Every structure is written in structure tokens, then in C-alpha cells.
> 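Submitted below is the structure of interest, expressed as C-alpha cells.
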Amino acid sequence: MTRVDVLTAGETMMALRATGPVRLGSGFTASIAGAESNVAIGLARLGRTAAWAGRVGSDEAGHLVTRTLRAEGVDVSAVRRDGDAPTGLIMFEQRLPDVTRVQYLRAGSAGSRLCAEDVEALPFEPRIVHVTGITPALSASCRDAAAALCRLARSRHARISLDLNHRPRLWSREAAAEALAPLAAAADHVIASPDELTLLGDGPPDRIAARLLDGGATEVVVKNGDEARSYTADGARAVPAHRVDPVDSIGAGDGFVAGYLSGLLDGLDAEARLRRAHTVGAFAVLSRGDWEGLPHRDELGLIGLPEGAALR
């Protein structure tokens, strides 16, 4: 068994970012993208040990995924190569300065074939297991894998973090609500937007959060644009987000989660965890790419420096 701070699993795809309009024959830059692996990279850059598990194809895109994650310090020793399915593909086109079009080519991908057997015996002893609402949306076997990951967490005395991360293009609200309710009931830490939180019940966020806390959750974090709010047994706390001019809005949520989990592992209080989460999320949107702009620990203080500051 390998001890890690955070274990997560899901699908990571090859990411193509268009340098102009796709229909005009734009060029592309290649990278990788996936909510869970974005969080793992963010944690590794902040000095935490993180492992990512999943399936990739026996193709060059699959090698790009594992090579990139390994280079970022993420443990990929448990990744499976699937010779019968390709690595998924995601394509980004920034059509207007503040409008990005995203196209998925992931149906039948290796990542969508993740199953319970892939995660039931993962060789890790994690402090936190992180799950998102994207993985169970990909297939029935992925839904089973997400449930198995929660069982593994409980069997190894790890806390469970759940980012609801609802993707309407992947499944309906009804299907998402049915699948995410048991994951939320098992989670110690639930992270969601106000709209995502309504997948778990009716009422305003504070009322839904209270029900989750009564059901056994330790903390519910609600991200709402200009601020984030933490609900615990000690009450609610709100922390405003940093005001920045985004270069690329993709990846903000995963950066937020990486910052939050690193603060949790560092033993920060609720307000400090939210401040860390906002800071990492701000870094994410100030560079192009899902994860490329995520900060290292010694860079966290850069946000908030005076405009035009030069570090000599």
C-alpha cells in the first residue's frame, strides 16, 4: 500500500485547444484535461501527494495523459491501459473573448469503461478520496466505480470529498439527482454551486446544506460566483472571491477544489480554506488551459500584489 494525501479516479482526455475558428481550419495545441486529474495536479503543485486512477487507451493520447500527470508529480501507477477503446478527446474553441465552446469526443472511450473492479483494490492508503459528479455520468460501469471508490474510502478510514460538478450535456438533472444522492450521503465534504445543490433536494442552499450536515457530512461548500460559503456544525461563513480579469474561465472549479482540499490537509480553518480555494481558482483562470496556470505553494502570495509588480 502506498500512502497518499488524496486519491481520485475518473476520465482524463487528450485536450485540443483551437488557435482560431475550427471551421476555418484552425491549428491546435495539445494537452490533457479531466476534472479529477486537474485536482490531482493542483494538489501536487501545492506540495501534497496525489494519485489518479483511470483507464486510457493504448494509444499516443493515453501516453500523453500518463506522461503529463507523472511529470506533474501525480502517482499514475494504478492507471489501466485499455487496448479495446481509445483515449477520449475534448476540444476547446474560444469563439469570443469570454465565450468558449467545448466539444466532447468521449463516447465509448477507455475512460468511460472504468468499472468497480478497477478501483476496489487500488493499492493506496489515502487521507482523502475525491469523487466528482462527472464520472458516474459517463456510463453505468463508471457509476459503479464511483460507488466503489466511496466504499474503498470507508474501508481505509479516509474522508470522502464530492464535487457535484453537474454536466447537463452528459445526463439529465433527474438521472444526476438519482446517482449523486447516495454519493452525497456518503461524503464528508460536499462542494457545489447553488444550482447543483438543488439536485440533492428542494429549498435554498442553507436548508439543503443543513440536511446534509444532519445526514453526516462535516462541511458543505457552496460556490456562488463572487463568494463561497462554508456550512459546518459551527455555522456558516462566507468569503469573497478575488476580482480578476479571466483569460480562460475553464478550470476554475477544479482549481477551487484543489485549493480547498490542500487547506483541509493543512489544517486551516473554514475561512482560510475558502481563501486558499479562491486563490487557486483565480490562478486557474489567469492562464489558458485547465490546469497549466495552477500555482505552486510558494506562488500563492502572488495574487493580490499591486498591479504591475515586478519581483526582482
Side-chain angles (χ1 to χ4, degrees), residues 1-2 4 6-18 22 28-41 50-72 74-92 102-124 126 129-153 163 165-172 175-176 178-180 183 254 290-291:
M1 289 287 179
T2 301
V4 294
V6 177
L7 167 65
T8 189
E11 179 175 33
T12 298
M13 299 163 284
M14 181 178 182
L16 296 180
R17 291 186 176 272
V22 173
F28 294 90
T29 59
S31 184
I32 68 169
E36 297 85 3
S37 56
N38 293 343
V39 171
I41 290 172
W52 176 81
R55 288 194 184 203
V56 296
S58 296
D59 47 31
E60 291 305 302
H63 287 294
L64 175 65
V65 169
T66 53
R67 178 183 182 277
T68 302
L69 290 175
R70 191 179 299 113
E72 287 293 329
V74 176
D75 189 324
V76 292
S77 60
V79 172
R80 292 191 59 180
R81 294 198 179 275
D82 190 326
D84 297 321
T87 303
L89 176 68
I90 184 171
M91 185 168 63
F92 300 93
V102 181
Q103 182 177 358
Y104 296 100
L105 298 172
R106 70 197 310 181
S109 67
S112 71
R113 290 155 60 95
L114 186 72
C115 63
E117 289 75 16
D118 293 335
V119 302
E120 284 174 339
L122 287 174
F124 300 106
V129 167
H130 179 61
V131 185
T132 80
I134 295 175
T135 298
L138 300 179
S139 66
S141 68
C142 281
R143 182 172 173 175
D144 292 341
L149 199 57
C150 291
R151 292 195 298 271
L152 179 145
D163 181 0
N165 223 337
H166 181 231
R167 293 289 186 267
R169 290 172 65 180
L170 294 177
W171 56 355
S172 67
E178 179 184 355
L180 295 178
L183 297 181
D254 299 330
D290 277 36
W291 54 268

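Numbers here are sequence positions counted from 1. All values reported here derive from a predicted model rather than from experimental measurement.
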> Using the test salt bridge (charged side-chain N to carboxylate O under 4.0 Å, His left out), find all partners of D59 that sit at least two apart in sequence or belong to another chain.
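D59: no salt bridge (charged side-chain N to carboxylate O under 4.0 Å, His left out) contacts found.
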> Using atom types as modelled and distance alone, determine if a side-chain donor or acceptor of W291 lies under 3.5 Å from a backbone N or O of I32.
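Side chain of W291 to backbone of I32, a donor-acceptor pair under 3.5 Å: yes, one is there.
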> Can I90 and L16 be said to form a side chain to side chain contact (heavy atoms under 4.5 Å, CB included), step by step?
CA-CA 6 Å; I90 184 171; L16 296 180; over 6 Å; no
> Nearest 0.5 Å, please: how far is CG in D254 from CD in E36?
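CG of D254 is found 8.0 Å from CD of E36.
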> T66: what forms a side-chain hydrogen bond (donor to acceptor under 3.5 Å, both in side chains) with it, not counting sequence neighbours?
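Once residues adjacent in sequence are excluded, the partners of T66 under the side-chain hydrogen bond (donor to acceptor under 3.5 Å, both in side chains) criterion are R81.
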> Under 4.5 Å between any side-chain heavy atoms of T8 and L149, yes or no?
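Side chain of T8 against side chain of L149, heavy atoms only: no contact under 4.5 Å found.
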> Walk me through whether Q103 and F92 qualify under side chain to side chain contact (heavy atoms under 4.5 Å, CB included).
CA-CA 7 Å; Q103 182 177 358; F92 300 93; over 6 Å; no
> Kindly give the heavy-atom pair with the smallest separation between V76 and R70, and that separation in Å.
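Looking at all heavy atoms of both residues, the shortest contact is CG2-NH2, 3.7 Å.
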> Could you measure the distance from the CG atom of L183 to the OG1 atom of T132? Nearest 0.5 Å is fine.
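The distance works out to 9.5 Å.
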> Between S141 (side chain) and C115 (backbone), is there a donor-acceptor pair under 3.5 Å?
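The answer is no, because no donor-acceptor pair under 3.5 Å joins these two groups.
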> Could you tell me whether the side chain of V6 reaches within less than 4.5 Å of the side chain of P126, counting heavy atoms only?
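Sidechains of V6 and P126: no contact.
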> Would you say the side chain of L152 lies within less than 4.5 Å of the side chain of F124, judging by non-hydrogen atoms?
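In short, these two side chains do not touch, never coming nearer than 4.5 Å.
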> Do you know the tightest heavy-atom contact between G133 and L180?
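Looking at all heavy atoms of both residues, the closest pair is CA-CD2, 3.7 Å.
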> Apply side chain to side chain contact (heavy atoms under 4.5 Å, CB included) to residues M13 and Y104 and explain how you reach the verdict.
CA-CA 9 Å; M13 299 163 284; Y104 296 100; 4.2 Å; yes
> How many angstroms lie between atom CD1 of I134 and atom CZ of R106, to the nearest 0.5 angstrom?
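The CD1 atom of I134 sits 6.5 Å away from the CZ atom of R106.
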> Any side-chain heavy atom of L69 within less than 4.5 Å of one from I41?
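Yes. Closest side-chain heavy atoms under 4.5 Å.
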> Is the side chain of T135 donor-acceptor paired with the backbone N or O of C142 at a distance under 3.5 Å, no angle test?
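Here the side-chain-to-backbone pair does not exist.
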> State, to 0.1 Å, how close S31 and L64 come at their nearest heavy-atom pair, and which atoms those are.
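Shortest heavy-atom contact: O-CD2, 3.4 Å.
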> Just checking, is any N or O donor in the side chain of E11 or S109 under 3.5 Å from an acceptor N or O on the other one?
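Per modelled atom types, E11 and S109 side chains form a pair under 3.5 Å.
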> Which heavy atom in S139 sits nearest to a heavy atom in S112, and how many Å separate them?
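It is OG-O, 2.6 Å.
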> Take W52 and L7, measure what side chain to side chain contact (heavy atoms under 4.5 Å, CB included) needs, and give me the verdict at the end.
CA-CA 6 Å; W52 176 81; L7 167 65; over 6 Å; no
> Under the rule for side chain to side chain contact (heavy atoms under 4.5 Å, CB included), what residues qualify as partners of A147, not counting sequence neighbours?
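Only R151 meet the side chain to side chain contact (heavy atoms under 4.5 Å, CB included) criterion with A147.
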> Is there a side-chain contact between E72 and R67 (heavy atoms, below 4.5 Å)?
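The answer is no, as the side chains (C-beta and beyond) never meet within the 4.5 Å cut-off.
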> Counting only heavy atoms not in E60 (residues, nucleotides, ligands), do more than 12 fall under 6.0 Å from its CD?
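Open: at most 12 neighbouring heavy atoms sit under 6.0 Å from CD of E60.
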> Going from CZ on F28 to CZ on R17, what distance comes out if it is rounded to the nearest 0.5 angstrom?
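The distance works out to 12.0 Å.
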> Okay, side chain of T12, backbone of G34: is any donor-acceptor separation there less than 3.5 Å?
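No, because the side chain of T12 does not come within donor-acceptor range (under 3.5 Å) of the backbone of G34.
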> Tell me the closest heavy-atom pair linking M14 and A61, and the distance in Å.
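Smallest heavy-atom distance, with atoms named: SD-CB, 3.7 Å.
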> Can you see which heavy atom on D82 is nearest to which on R55, and at what distance?
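Where D82 meets R55 most closely, the heavy atoms are OD2-NH1, 2.9 Å.
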